[in-house]
Structures are given as C-alpha cells and as structure tokens.
Undergrad: 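Following this message is one structure expressed as structure tokens.
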Amino acid sequence: MRDAARLRRAFFNRPTLIVAEELLGTFLVHRTADGVTSGRIVEVEAYIGEDDPACHAAPGPTRRNRPLYGPPGFSYVYLNYGMHYLTNVVTEAEGSPAAILLRALEPADGLELMRRRRARLGAAIADADLCRGPGNLSRALGITLTQNWLDLEGEELFLEDRGARPVDVVWSRRIGIRVGTEPLWRCHVRESTAISGPGRRRTSS
DNA sequence: CGTTCGATGCACT
DNA sequence: GTGCATCGAACGT
C-alpha cells in the first residue's frame, strides 16, 4: 500500500458532489490524548447551498452555520436531537455554503478506544457497528463541539488517502431528513457492510 | 423480520 | 416554544 496522502484544502475547494464521491475510500483520523481513532469513509451525504432546504444554510447565515460560509477544508460539527454530534466537512469556495455529512466508517485504528467510547451496559458492539451512522461515528472518534470548525490541514482532525480508492459507488436519496429528499445526494461504497440506514443498523446474528 | 416512539439540548423565530 | 442531517429499546408481526 502506498503512503498516506493528506487531503488538503484544494481537494475540498471543488463541487460538493465531486468531493463527496472522492471522499469514499479515504480515511478520517482523530488524534486525542486518549489515542488515535480512524476509519475508512463508506457513506456520505451532500448538503449544498441556501436553496437546499435540508442544508443548514437554508435560513441564510446564522451563528451556528457560520463554518459553512467559511473556507473549505474545515470541520462543521453540531449537536442534533440533543444527544448526537454530527460531523461534516466544508466544501466549495468561501461564501458558498456547502458541506458533506459523514454517515459511516469502517473502523481502522483504535477499535478498543472506540468500543470504550461507545460502551453501553451489557451489550457488545460488533466492529461494523462501531461507526455506523453519523451520531455513532462521531461518538466512536470522540468528536464533539470542541472539534467544530477545525482546520482539516491541522494535526488533530484530518483526512487522508491510504490508497483504498477508487471505489464502487452507489448514489441514492438522502435519509433521515423531512425535506429535500428528492436529489440523489447520498453516496456509499457498494460492498461495505458498515452502511447506515433502515434495516441495516444491526449486524447479522 | 418489521415499525414506533421516547430521550434530550440547543439554535433559531 | 418549536423542531431537528439520530439512536436503539420495545413492541408487533
């Protein structure tokens, strides 16, 4: 396998759907005092502009969505339903609000730490479930509001290509939203067992 | 298998 | 006060 190549700002400074597809197969890495956790990105969704009713930029600029209007290559993390942190990466040029929601990873590094962070009373968690779903992957990697608006060219939270691309891609409608469900702005790796969504939340028994 | 529903906190109007 | 880019336990087949 060839050396890992960090994804730099120019990678994110492109049309969001292109970035979304090329993100599949790359790795998200989070370094903390507790250790390093990472996973291969296998499912993402694009949220593009003020005309996209499901995008946080739909109401125009606010305090929360400010990162979307900033430069590409930054994180955008927010709390959803009062209990789940959702991790996004900002795309497109500064002033063009758009981002990609990271929905599922295949765990790569720090599985033990992920299990500790995800721990629930009584129940063991299968590897493929550790980072399945946007709330779960954020929890497994230890991503909270503290990681909002971080420069992905920094040393804490970043993405890298470890040579696991290209990949067999499937496009579909975005899930878990009530508006803006028409466009096919969700994409995932066809053969992955870690994809989220109805009926896939459970690893087969 | 399938579907429903409660938990929970913050940004926004 | 309202609504959410969710999760998983608890039901009903």
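Every chain is numbered from 1 and lettered A, B, ... according to where its sequence line falls, protein lines coming before strand lines.
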Undergrad: Quick one: side-chain hydrogen bond (donor to acceptor under 3.5 Å, both in side chains) partners of A:Thr146, sequence neighbours excluded?
TA: A:Thr144

Undergrad: Give the nucleotide from the list B:dT13, B:dT8, C:dT6 with an atom nearest to the side chain of A:Met83.
TA: B:dT8

Undergrad: What nucleotide among B:dT13, C:dC7, C:dA5 has an atom nearest to a side-chain atom of A:His84?
TA: C:dC7

Undergrad: Restricting to ring-ring contact (aromatic ring centres under 6.0 Å, His included), what partner residues turn up for A:His84, sequence neighbours left out?
TA: none

Undergrad: Could you tell me how far C:dG8 sits from B:dC10 if I compare only their C1' atoms? Round to whole Å.
TA: 22 Å

Undergrad: Going by number, which of residues 75-82 of chain A have a non-hydrogen atom under 4.0 Å from DNA chain B?
TA: A:Leu79, A:Tyr81, A:Gly82

Undergrad: The side chain of A:Arg118 lies closest to which of these nucleotides: C:dG8, C:dC7, C:dC4?
TA: C:dG8

Undergrad: Which ILVMFWY residues can you reach from A:Val36 by hopping between side chains whose heavy atoms are under 4.5 Å apart?
TA: A:Val29, A:Phe158

Undergrad: With Watson-Crick and G-U wobble geometry limited to distances under 3.5 Å, how should the secondary structure of DNA chain C be encoded in dot-bracket form, using | for bases paired to another strand and [ ] for crossing pairs?
TA: ||||.|||||||.

Undergrad: Report the distance from atom CZ of A:Arg174 to atom C1' of C:dC4, rounded to the nearest whole Å.
TA: 15 Å

Undergrad: Between A:Glu22 and A:Arg165, is there a salt bridge with N-O shorter than 4.0 Å?
TA: no

Undergrad: Within 45° of the ring axis of A:Phe11 and under 6.0 Å from its six-membered ring centre, is that where the NZ or CZ of A:Arg14 lies?
TA: yes

Undergrad: Using a 4.0 Å heavy-atom cut-off across all strands, classify A:Arg178 as base, sugar-phosphate, or nothing.
TA: sugar-phosphate

Undergrad: Could you check how far OH of A:Tyr85 sits from P of B:dT8, rounded to whole Å?
TA: 14 Å

Undergrad: In whole angstroms, how far is the C1' atom of C:dA5 from the CZ atom of A:Arg64?
TA: 10 Å

Undergrad: From CG of A:Asp129 over to C1' of C:dA9, roughly how many Å is that when rounded to an integer?
TA: 15 Å

Undergrad: Contacts to DNA chain C from residues 135-148 of chain A, heavy-atom cutoff under 4.0 Å, which residues?
TA: A:Gly135, A:Asn136

Undergrad: Just jot down the ring-ring contact (aromatic ring centres under 6.0 Å, His included) partners of A:Tyr78, sequence neighbours excluded, or say none.
TA: A:His56, A:Tyr76

Undergrad: In whole Å, what is the span from the CZ atom of A:Arg63 to the P atom of B:dT13?
TA: 11 Å

Undergrad: Testing the 3.5 Å rule here: is there a donor-acceptor pair between the side chains of A:Glu106 and A:Ser192?
TA: yes

Undergrad: Answer yes or no: is there an ion pair linking A:Asp129 with A:Arg139, defined by an N-O contact shorter than 4.0 Å?
TA: no

Undergrad: Under a 4.0 Å heavy-atom cut-off, which of residues 37-55 of chain A touch DNA chain C?
TA: A:Tyr47, A:Ala54

Undergrad: Could you note down all residue pairs passing salt bridge (charged side-chain N to carboxylate O under 4.0 Å, His left out) where residues 24-35 of chain A supplies at least one of them, sequence neighbours left out?
TA: A:Arg31-A:Glu155

Undergrad: Using a 4.0 Å heavy-atom cut-off across all strands, classify A:Ile177 as base, sugar-phosphate, or nothing.
TA: sugar-phosphate

Undergrad: How long is the line joining CG of A:Leu101 and P of C:dT6, in whole Å?
TA: 8 Å

Undergrad: Could I get the full list of ring-ring contact (aromatic ring centres under 6.0 Å, His included) partners for A:Tyr47, not counting sequence neighbours?
TA: none

Undergrad: Between A:Ser196 and A:Arg103, do the side chains contain an N or O donor and an N or O acceptor separated by less than 3.5 Å?
TA: yes

Undergrad: Taking A:Arg6 first and then A:Asp161, would you say they form a salt bridge - that is, a charged N and a carboxylate O separated by under 4.0 Å?
TA: no

Undergrad: Can you list every salt bridge (charged side-chain N to carboxylate O under 4.0 Å, His left out) pair that touches residues 49-73 of chain A, not counting sequence neighbours?
TA: A:Asp52-A:Arg174

Undergrad: Taking the P atom of each, how far is C:dT13 from B:dC5, in whole Å?
TA: 13 Å

Undergrad: Please write out which residues are connected to A:Phe27 in a hydrophobic cluster, directly or through intermediates, given that two of Ile, Leu, Val, Met, Phe, Trp, Tyr count as joined at side-chain heavy-atom separations below 4.5 angstrom.
TA: none

